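In what follows, chains carry the letters A, B, and so on, assigned in the order in which the sequence lines appear, proteins first and then strands, with residues in each chain numbered from 1. On a predicted model such as this, the values are computed, not experimentally measured, just so you know. Quick note: numbers below take in every heavy atom, side chains included, and nothing from hydrogens, waters or symmetry partners.
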Number of protein chains: 2
Amino acid sequence: MARGSTRPTSRDVAQAAGVSQAAVSLVLGDKWRGRVSEPTAQRVRDAALELGYRPNLAARNLRLGRTRTVLLVVPALTTEFFAEVYTGAARVAAAHGFGVVLYPSPEGVGPARDPFASAQAALDGVIASSMAADALSAIRGDQLPLVMLDSDPEGSLGAATVNLDIADGIHQVADHLLALGHRSFLHLAADIPSWTFEVRARELASRLADVPGTELRTIGAPISIEGALRATEAALAAPGPRPTALVCDDDKLAAGAYKAIRRAGLRVPDDLSVTGLDDLGLATAIDPELTTVRLDAEAFGERGMHALLAVLEGRPPEKGDLPVSLVVRGSTAPPQ
Amino acid sequence: MARGSTRPTSRDVAQAAGVSQAAVSLVLGDKWRGRVSEPTAQRVRDAALELGYRPNLAARNLRLGRTRTVLLVVPALTTEFFAEVYTGAARVAAAHGFGVVLYPSPEGVGPARDPFASAQAALDGVIASSMAADALSAIRGDQLPLVMLDSDPEGSLGAATVNLDIADGIHQVADHLLALGHRSFLHLAADIPSWTFEVRARELASRLADVPGTELRTIGAPISIEGALRATEAALAAPGPRPTALVCDDDKLAAGAYKAIRRAGLRVPDDLSVTGLDDLGLATAIDPELTTVRLDAEAFGERGMHALLAVLEGRPPEKGDLPVSLVVRGSTAPPQ
DNA sequence: TCCAGCAAGTGTTACGTATAACTCCTGTCG
DNA sequence: CGACAGGAGTTATACGTAACACTTGCTGGA
């Protein structure tokens, strides 16, 4: 608490305005129509302003048994993707009188340990990315209303899920590369266990399986430029015919792959076409600009918050995946 | 709160263990040495585990008058810089039993409006980046202990400040470019009003003023790849001799400048040397890799949290700026 | 023998708020 | 003229926790 004097309470305001504490609560809680006269209400408001009164949230939360605060559990914020998810969620939340507290999994890769020890705030609900899924047990233990982002709709133990249509995105990537004439593919996969990445692998393999004469190899890498660089370098140094198309699980991996390709003395897209997924700012910062799948992160966050509000009010959350779209840029071309 | 049954309280645990609520509080609060016998304490712990008891934080906060939670106010998390600041701050906080709640200024550029309406958590203190300085008035109004990051040590109204030695970083950049033989400079400045950017402009100008025959022009841009691209394009299209060195306020601006330079048919570093500041992952994702100033964001966050803890305990915070270092890569070379 | 001192607890209270239940007063209608 | 409806408040209480002050039984020293 502040040094020196203590913060004014509703009782202090009441005394200053010459009314009871209950009247202050009524007026400031906007529930005074027909209970307090207008002049008195004004006196209370003036006194509150004068004293710089701020309600004690701990007391209010205790009294009401709810906090109007929700937790957003995300992997580390090393790209703007989850920052935008937060923006969308926070906007919707604010419109409904809720606040959003962010819990970024500390090291980016490892799962969140105990979001409730760290985010000391008491919570009404949780929105969690499947990339931080290990927090799930603690959350379920608390019986908190839960919405999962990009998570297996079947395996989420009844929690509501909000998903991007990643499968469709991967299909579009595959179709685009196939149409260009590519037949030999390398998949640079994120080596984080998460449903969203499983979908990429499954859908890519399934789409290519429909086309006779295609080849698909897969390598894993941690989601970082360094990690992708090393994995791609190793793959390019491997014996055998070089693939002509490199499908990356996200834009950051693609940026790392670019570096490996340059170091190997090859060029994008002449020697190797590359695709990403996310459409971060990074996608247009690298040269050539990256063909990638655009995800609407803000809409994702909005939808997540809407779903959580629905759960909190006992309504069924909206169904259906969020659409994504392929953005074709300079990193893909027909094989030589 | 959870649907169905209500959460167990310390009184429920007491009843299950056959002791008083006070005993439960003592045992679980780890203050029972010499007050409760070991067997009884164990019974209480078992009962708590059995019932899945979690203390009600609102009640605890109300009782104790503090929350062991601090707020970190940052500009939007569109780069990993503030994500790392958070990581550092959260690590130190956790070691002292504190939690950190993040308040990212919604739109990235605009200042935070009311961090306390959104971050509903009750707070013991605040760490704020100077880039979100408009929140200051609300914070001061609440008399909350405050630490400012990268803020004017003189003008911060007595709040503790923790700064990176940006001035030294800019000096190193200037000296490096001068040593290479550059005399005609362009400064791509972030057009956000913030002390940290004022320092860059001031120190660059002052260093160049020491060397006769140097020229310095400045252009402003919003901190985004698009913004930097447009500003740099305009500058390159301007009449008069082209500068040979482009000093950017941060790496993101440098990435945008790269694009403008490519579009103008020029090359880095042959036609134009470019420098950044931050040493984000982006710095090595672009080609050629960027000469930039490395900031230790995690150490920055740690230092910020240490300073806040010091303020909370009435100790004087550690003085002195955090060192930075120039990282020379491929984007700088002697002028042709 | 008696009291001090300690272990092992229990009873009670306060934190600041929101609200249900109550009181008092004034004007109006049957 | 009496009763009653509503306006304008007030009083009292509970939310769950932490901690202060107290009790009880026992042991050991004078």
For [X] and [N], give me the distance from atom [atom1] to atom [atom2], rounded to whole Å.
X       : N      : atom1 : atom2 : value
B:Asn56 : C:dC15 : CG    : C1'   : 13 Å
A:Asn61 : D:dA14 : CG    : C1'   : 16 Å
B:Arg60 : C:dT17 : CZ    : C1'   : 20 Å
B:Leu62 : C:dC15 : CG    : C1'   : 4 Å

Who are the side chain to side chain donor-acceptor pair (under 3.5 Å) partners of B:Asp321, not counting sequence neighbours? none
Could you work out, with side chain to side chain donor-acceptor pair (under 3.5 Å) as the rule, every residue matching B:Glu198, not counting sequence neighbours? none
Mind listing the residues from residues 8-16 of chain B sitting with a heavy atom below 4.0 Å of DNA chain D? Number order is fine.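 Residues of residues 8-16 of chain B that come under 4.0 Å of DNA chain D are, in numerical order, B:Thr9, B:Ser10, B:Arg11.
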For A:Leu64, report the nucleic acid contact type (base, sugar-phosphate, nothing); a contact means any heavy atom under 4.0 Å. sugar-phosphate
Salt bridge (Lys or Arg N to Asp or Glu O under 4.0 Å) partners for [X], two or more places apart:
X        : answer
B:Arg11  : none
A:Glu302 : A:Arg91
B:Glu318 : B:Arg303

Working to the nearest 0.5 Å, report the span between CD of A:Gln21 and OG1 of A:Thr9.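 Output value for this atom pair is 8.0 Å.
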Please list, in numerical order, the residues of residues 20-40 of chain A that have a heavy atom closer than 4.0 Å to any atom of DNA chain C. A:Gln21, A:Ala22, A:Ser25, A:Lys31, A:Arg35
Considering only residues two or more places apart or on different chains, which pairs with a residue in residues 44-53 of chain B satisfy salt bridge (charged side-chain N to carboxylate O under 4.0 Å, His left out)?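 Salt bridge (charged side-chain N to carboxylate O under 4.0 Å, His left out) check on residues 44-53 of chain B returns B:Glu38-B:Arg45.
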Sequence neighbours excluded, every pair satisfying side chain to side chain donor-acceptor pair (under 3.5 Å) that has a member inside residues 22-37 of chain A: A:Ser37-A:Thr40
